[in-house]
Amino acid sequence: MFHYEIVFMIYPDKGSLVDDIIKYYSNIINSNGKIDRLENWGLRYLSYNIKNYCKAYYILMNISINKNFIDSIIKDLKVNNNILRFMVLRKKNIEKNPSIMILKKK
């Protein structure tokens with residue numbers, strides 16, 4: 001099993017679908033691996049406009065999954081019309097502690 005960090009941004013006008021999108025990807029990941037950390041950072045300003053949007057919903061997932069399954073998740077993220085942008089990073093260790101974004105909110 002490999003450890004990955006996925007951050008994806010959902011279009012700001014898709015706010016009602018955020019929970020459904022999280023459940024959709026959670027189900028895919030849980031059927032093939034494990035979610036170590038899941039954080040919904042909410043609606044945040046972008047550093048620069050992307051496709052004429054200045055805000056997006058940010059979701060962070062740290063997962064443990066096999067290599068062949070992460071490829072299918074990346075393909076799904078690419079074709080999902082609700083996802084503005086995404087980034088997938090391979091990590092050396094499991095991340096379970098709250099991220100700095102969550103700690104800043106507290």
Verify the ring-centre separation between Tyr11 and Tyr57: is it less than 6.0 angstrom? no
Treat each ILVMFWY residue as a node, draw an edge where side-chain heavy atoms are under 4.5 Å apart, and state whether Val7 and Ile22 are in one component. no
Euclidean distance, Lys91 NZ relative to Ser64 OG, rounded to 0.5 Å: 12.0 Å
Salt-bridge contact Glu5-Arg37 (side-chain N to carboxylate O under 4.0 Å): yes
In terms of heavy-atom contacts, Ala56 and Tyr58 come closest through O-CD1, 3.5 Å
For Leu89, look at atom CG and say whether over 12 heavy atoms of other residues, nucleotides or ligands are found less than 6.0 Å away. yes
Can you check side-chain hydrogen bond (donor to acceptor under 3.5 Å, both in side chains) on Tyr25 and Asp76, steps first, answer last? CA-CA 9 Å; Tyr25 286 108; Asp76 193 284; 2.7 Å; yes
Please check if the number of heavy atoms outside Asp20 that lie under 6.0 Å from its CG is greater than 12. yes
What pair of heavy atoms forms the shortest contact from Met1 to Ile65, and how long is it? SD-N, 3.8 Å
side-chain contact (heavy atoms from CB on, under 4.5 Å) between Asn62 and Ile35, intermediate numbers included: CA-CA 6 Å; Asn62 285 88; Ile35 296 177; over 6 Å; no
Can you tell whether the side chains of Lys34 and Asp36 come within less than 4.0 Å, N to carboxylate O? yes
Shortest non-hydrogen contact from Glu39 toward Pro98: OE2-CA, 3.4 Å
Do Cys54 and Leu46 have side chains that approach each other closer than 4.5 Å (heavy atoms only, starting at C-beta)? no
List the atom of Ser31, the atom of Ile28, and the distance in Å for their closest heavy-atom pair. OG-O, 2.8 Å
Please check if Leu38 and Ile29 belong to a single hydrophobic cluster, counting links between Ile, Leu, Val, Met, Phe, Trp and Tyr side chain heavy atoms closer than 4.5 Å. yes
Answer yes if Tyr4 and Leu77 sit in the same cluster of Ile, Leu, Val, Met, Phe, Trp and Tyr residues linked by side chain heavy atoms under 4.5 Å apart, and no otherwise. yes
If hydrophobic clusters are built by linking Ile, Leu, Val, Met, Phe, Trp and Tyr wherever their side-chain heavy atoms come under 4.5 Å apart, do Leu43 and Tyr53 end up in the same one? no
Any side-chain donor-acceptor pair under 3.5 Å between Tyr24 and Asn80? no
Step-by-step side-chain contact (heavy atoms from CB on, under 4.5 Å) determination, Ile6 to Ile74: CA-CA 9 Å; Ile6 302 171; Ile74 291 171; over 6 Å; no
Taking the six-membered ring of Phe2, is NZ or CZ of Lys67 closer than 6.0 Å to its centre and within 45° of its axis? no
Roughly how far, to the nearest 0.5 Å, is the CD1 atom of Ile21 from the OG atom of Ser26? 11.5 Å
Within one Ile-Leu-Val-Met-Phe-Trp-Tyr cluster: Leu60 and Ile10, side-chain cutoff 4.5 Å: no
For Lys51 and Leu84, run side-chain contact (heavy atoms from CB on, under 4.5 Å): C-alpha distance rounded to whole Å, both residues' side-chain angles, the deciding distance at 0.1 Å, then the answer. CA-CA 8 Å; Lys51 298 181 183 178; Leu84 180 63; 4.1 Å; yes
d(Phe86 CZ, Met61 CE) to nearest 0.5 Å is 14.0 Å
To the nearest 0.5 Å, atom CG of Leu17 lies from atom CG of Asn82 at 5.5 Å
